[in-house]
Number of protein chains: 2
Amino acid sequence: MSTGVPEGYDPHAFPPFAVTVDLAVFTVRDAALHVLLVERGQDPFRGRWALPGGFVLPRESADEAARRELAEETGLGPDAVGSLHLEQLRTYTDPDRDPRMRVVSVAYAALLPDLPEPRGGGDAASARWWDARATGPLAFDHDRILADARDRIGAKLEYTCLATEFCPPEFTLGELQQVYETVWGVELDRPNFRRKVLGAPGFVQPVDGPPRRTGGRGKPAALHRAGGATTLHPPLLRPQPTDTPHSRPEGRTP
Amino acid sequence: MSTGVPEGYDPHAFPPFAVTVDLAVFTVRDAALHVLLVERGQDPFRGRWALPGGFVLPRESADEAARRELAEETGLGPDAVGSLHLEQLRTYTDPDRDPRMRVVSVAYAALLPDLPEPRGGGDAASARWWDARATGPLAFDHDRILADARDRIGAKLEYTCLATEFCPPEFTLGELQQVYETVWGVELDRPNFRRKVLGAPGFVQPVDGPPRRTGGRGKPAALHRAGGATTLHPPLLRPQPTDTPHSRPEGRTP
DNA sequence: ATAATAGTGTCTCTGAGACATTATACG
DNA sequence: CGTATAATGTCTCAGAGACACTATTAT
């Protein structure tokens, strides 16, 4: 804030930037991570799919712009949008990321439970869920934003209670495990998963009544709600794909 | 990118934003975390201290702007600045964060070893290191940016090899431990710290020759260099202030 | 009965924390 | 000598992984 081009802070002496938000909206559906994309109706990248987003208005913060856009794209009410998890990822500032003009974009990640009809009624006439692993090349630098968003979500599942954001208000531990397995792309041992989830204070609460719900033709599962905690102690670490699991020649030299 | 204000993308139809970078430059000096601040010479916040920073130029990315500003403020050469750790934190977009105009700021954190004369020769005539715990109220929203930067650095020490960025090219394990203790504000058990650092593959490498260095009047310590790894496996978790059933940080019972 | 999912119990190994002990410098 | 710092070793417990086993539903 001390150096730069506009010496006298003349409001018209600085280079004009546009500021947008881009949203990576995720849900878990059919045991696969899905992301909400919109089809572009005009150049550049006409016909390509892109992350939903839009301009930040003069009197709103980027967070407010993100929630506004999210409401427009998903058709959710302002109350629902206000309560769901929205997280700033990072800001993309490559001078050539938009061929028309200088645009910096603040990227956000949002997590939704699998909704009955999530496609909204805004101006995004052609919005749909895509398998997050199988999106074609997206417009602008959205491939990179999407990849960064996936990495961030996966990492945050380890040490936060974020996974419950993918679930409906009441859920089974099997559904919660499905979230982890889907985002991480691994299979987890159910008894161990149970032990860790129930052992983390404030992660989940058993629903008091004895009601249960069936997921198919097995034993009905007890229902849980999200607990009050936001961070996970101890963390739920994902299994490490790096080479040998527990024998390391590097270490003590005799 | 699909909705918003400028329907036809007229380059003059969108609200004008200025984009700046703000830098939280940290070093460890005298067993305390220090941050580089500059004194503002003009309103608003004249005479208040602020994080260094400046405008993003029309043809550079925010990362490039951050490195350019860092070189100006510290007086380091472009090669030195190009090699040190610079990390985007998040972007601050409150519409009223700058009383003059609409400015969004991309915040960065940088880590430096304790340099002989770190104060640079740019236009920041009055730049100096401050104890990061004892900065007065800063200009703009820089108190919040600084707090966020401290949190991020502390968290990243747990699962990355970032701590070596605070050290000179060759360092002792005692100096590395000092970094952790200073950033986290806790005392660590030296034998356990040693075991974990040496057990993490690629974190540090012993310097081949038998040269040693003294820190005062004790036994000289072996020198190490940063290893090739960037992430820490297993992580070096900071002791939890939340009382756990079995471990007590303040456990000196006679 | 068989399949499928939910839930419990147990064993072992790793890593963290606490702490004792030895080694090598300085005064 | 004592003191200060570096380095090694040892003990114990918590948590993770692997896996056997039981429980309850649908077909």
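A note on names: the letters A, B, ... follow the listed sequences, proteins ahead of strands, and every chain is numbered from 1. All of these numbers come straight from a predicted model, not from anything done at the bench.
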Can you see whether B:D22 engages B:Y92 through a side-chain donor-acceptor pair at a distance of less than 3.5 angstrom? no
B:L237 has an atom CG; how far is it from atom C1' of C:dG17, in whole Å? 12 Å
Donor-acceptor pair (no angle test) under 3.5 Å: B:R195 side chain, D:dG9 base: no
For atom CG of B:L223 and atom P of D:dA7, their distance in whole Å: 9 Å
Interatomic distance, B:L198 CG vs D:dT8 P [rounded to whole Å]: 8 Å
What nucleotide among C:dG17, D:dG9, C:dT24 has an atom nearest to a side-chain atom of B:K196? C:dG17
Whole-Å gap separating C1' (D:dA16) and CD (A:E158): 13 Å
Output the rounded distance in Å from CZ (A:R190) to C1' (D:dG17). 16 Å
Measure the distance from CG on B:L173 to P on D:dA7 and round it to the nearest whole Å. 6 Å
Without decimals, in angstroms, what is the distance between A:D189 CG and C:dA6 P? 13 Å
Any chance the side chains of B:R225 and B:Q205 put a donor and an acceptor closer than 3.5 Å? no
Please tell me which of the listed nucleotides, D:dA16, D:dT27, D:dA7, lies nearest to the side chain of B:A222? D:dA7
Between P of D:dA16 and NE2 of A:H233, the distance in whole Å: 13 Å
hbond_proxy B:R194 side chain to D:dA6 base (donor-acceptor, 3.5 Å cutoff): no
What ring-ring contact (aromatic ring centres under 6.0 Å, His included) pairs are there with at least one residue in residues 171-204 of chain B, not counting sequence neighbours? B:Y180-B:W184, B:Y180-B:F193
Is there a donor-acceptor contact under 3.5 Å linking the side chains of A:D114 and A:T27? no
Choose from D:dA23, D:dA7, D:dA26 the nucleotide whose nearest atom is closest to any side-chain atom of B:K219. D:dA7
Quick check: on DNA chain D, is the nucleotide nearest B:G174 upstream (toward 5') of the one nearest B:N192, or the reverse? Name the residue that is more 5'. B:G174
Sequence neighbours left out, what pairs pass salt bridge (charged side-chain N to carboxylate O under 4.0 Å, His left out) with at least one residue falling in residues 183-192 of chain B? none
